[in-house]
Protein chains: 2
Amino acid sequence: MATPLPRDPIADARLNWERHGWSDVAAPMAAITAIMRTQQILLARIEGVLKPFGLTFARYELLALLSFARSGALPMNKASALLQVHPTSVTNAVDRLQGAGLVFRSPHPTDGRTTLIELTPEGRTLAKRATAALNAEVFAQSGFEEQDIDQLLRILGAFRRNAGDFSE
Amino acid sequence: MATPLPRDPIADARLNWERHGWSDVAAPMAAITAIMRTQQILLARIEGVLKPFGLTFARYELLALLSFARSGALPMNKASALLQVHPTSVTNAVDRLQGAGLVFRSPHPTDGRTTLIELTPEGRTLAKRATAALNAEVFAQSGFEEQDIDQLLRILGAFRRNAGDFSE
DNA sequence: TCCAAACCCTTGGATGTCCTAGTATATTGC
DNA sequence: GCAATATACTAGGACATCCAAGGGTTTGGA
């Protein structure tokens, strides 16, 4: 970030692939590498906006998910499935959010194995404020053209469905 | 990955955004979230292929970068800039690669501050084999249509240039 | 010439992700 | 009804990333 590089390292990698006789996979290699790098840039922006709220992206995602839950509570395994992360990652996030007084655990009324996560009033308020900040400072200035966003949604949506994310 | 979800959680998030009156940023929010999730899926595939070689993606990237360096050696700060990661991440990767006998450190001939990283013969061989595996098992079956790959390269390339990755 | 500022790498700490294993509770099949 | 299997959460460990700080080396201006 400090100083822009004189040349695009991903374009260079693609040239290297072609020089070595891997032209058939050079383009997908470059595209996949570009997705990796783009994710890194976006994550850094998001974390920068959330930092003043004492949140990381992982914690924000859980908070936001809870704020949209009809009942206001969600089983941990449900959160794990919806966020597409390992159950231990949810445990980790809940531990920290609970320590910050933003959520609390409660036993499931009928299934003794299951733990519900619920927002505290502070958690609900913070989720609202953090979302407003992300909307204004990241999503409203994404750096993508409007028609490119449609392309991304189409391409990545097909990819994710194909990868087994959802069956719909 | 276990079981596909009945509904696309990102499409649901988009609906939630629209319901709450944030329609103007719902699409970019969904696109950015999709990039995050796609990166996660791709990284998991890549790590899966590299695991038999005892490599992670971070270590592979460094190994591949070195294998394309003309002189076969690269200063650590250069590697950090090209890979777009923090210098401490390079230190970490070099420590582990060196422990595995794949690279070694050598002092810079004229600048006492700088450390050069060089491939060992084993490192060079492993880089070749790992690249062949990634080409065959990931890049050749990326899951993207050919014209979509062009779209991705165009859209993400513009985004990265705009984000200050490179000036070219 | 010489000292302050800039640069390079490493150490230590915080966070997040995954995996493996262990404990507790539910469900299933005989 | 009870044992075997499946499911839910958590503890511990391996990795990777970043930040802050520290020690050594170079550079540049007074």
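Numbered from 1 within each chain, the chains take letters A, B, ... in sequence-line order. Values in this document were obtained by computation on a predicted structure and should not be read as measured data.
- Following chains of ILVMFWY side-chain contacts shorter than 4.5 Å, one cannot reach B:F104 starting from B:L116, and the two form parts of different hydrophobic clusters.
- For the pair B:S89 and D:dC18, the criterion of a side-chain N or O lying under 4.0 Å from OP1 or OP2 is met.
- B:H20 contributes no side-chain N or O that, together with a main-chain N or O of B:W22, makes up a donor-acceptor pair within less than 3.5 Å.
- Under a cut-off of 6.0 angstrom, the local environment of CD in B:E146 is sparse, with at most 12 non-hydrogen atoms contributed by other residues, nucleotides or ligands.
- In this structure, B:H86 atom NE2 and C:dC8 atom P are separated by 13 Å, rounded to whole Å.
- When rounded to the nearest whole Å, the span between CG of A:N92 and P of C:dC19 equals 15 Å.
- Here the side chain of A:T120 pairs a donor or acceptor atom with the backbone of A:L102 at under 3.5 angstrom.
- A heavy atom lying under 4.0 Å from DNA chain D marks the following residues of residues 48-80 of chain B, by number: B:T56, B:A58, B:R59.
- Whole-Å rounding puts the B:L42 CG to C:dT17 C1' distance at 16 Å.
- Within the 3.5 Å criterion, the main-chain N or O of A:Q40 finds no donor-acceptor partner in the side chain of B:Q84.
- Atom CG of A:L43 and atom P of D:dC19 are 11 Å apart (whole Å).
- Phosphate proximity of C:dT17 to A:Q84: absent, as no side-chain N or O sits under 4.0 Å from OP1 or OP2.
- For the residue pair A:A79 and A:L65, the shortest heavy atom distance occurs at CA-CD2, 4.0 Å.
- No side-chain donor-acceptor contact under 3.5 Å links B:T33 to the backbone of B:I10.
- In this entry the distance linking CD of B:Q39 with C1' of D:dT17 reads 12 Å, nearest Å.
- Using a 4.0 Å heavy-atom distance criterion, A:T91 is classed as a base contact.
- Note that CD of B:Q147 is 9.0 Å distant from CD1 of B:I149, once rounded to the nearest 0.5 Å.
- One axis for each end of the helix from C:dT1-D:dA30 to C:dC30-D:dG1, each built from five base pairs, and the angle between them comes to 10° at 10° resolution.
- Evaluation of atom-type donor-acceptor distances gives no pair under 3.5 Å for the side chain of B:T114 against the base of C:dC7.
- In this structure, the side chains of A:I41 and B:F159 come closer than 4.5 Å at one or more pairs of heavy atoms.
- Judged by atom type and distance alone, B:T115 does not reach the base of C:dC8 through any side-chain donor-acceptor pair under 3.5 Å.
- The listed nucleotides are D:dT26, C:dA24, D:dT17; the one nearest the side chain of A:R113 is C:dA24.
- For A:E47 and D:dT17, the CD to C1' distance is 10 Å, given to the nearest whole Å.
- With respect to the salt-bridge test (charged N to carboxylate O, under 4.0 angstrom), the residues A:R59 and A:D95 do not qualify.
- Side-chain N or O atoms of B:S80 include none that pairs as donor or acceptor with a backbone N or O of B:M76 at under 3.5 Å.
- In this entry the distance linking CD of A:Q40 with C1' of D:dA16 reads 12 Å, nearest Å.
- Distance CD1 (B:I117) to C1' (C:dT10): 13 Å, rounded to an integer number of Å.
- The existence of a salt bridge linking B:R14 and B:D8 is excluded, since no basic side-chain nitrogen approaches an acidic carboxylate oxygen closer than 4.0 Å.
- Contact check of residues 95-112 of chain B against DNA chain D (heavy atom, cut-off under 4.0 Å) returns B:R96, B:T110, B:D111, B:G112.
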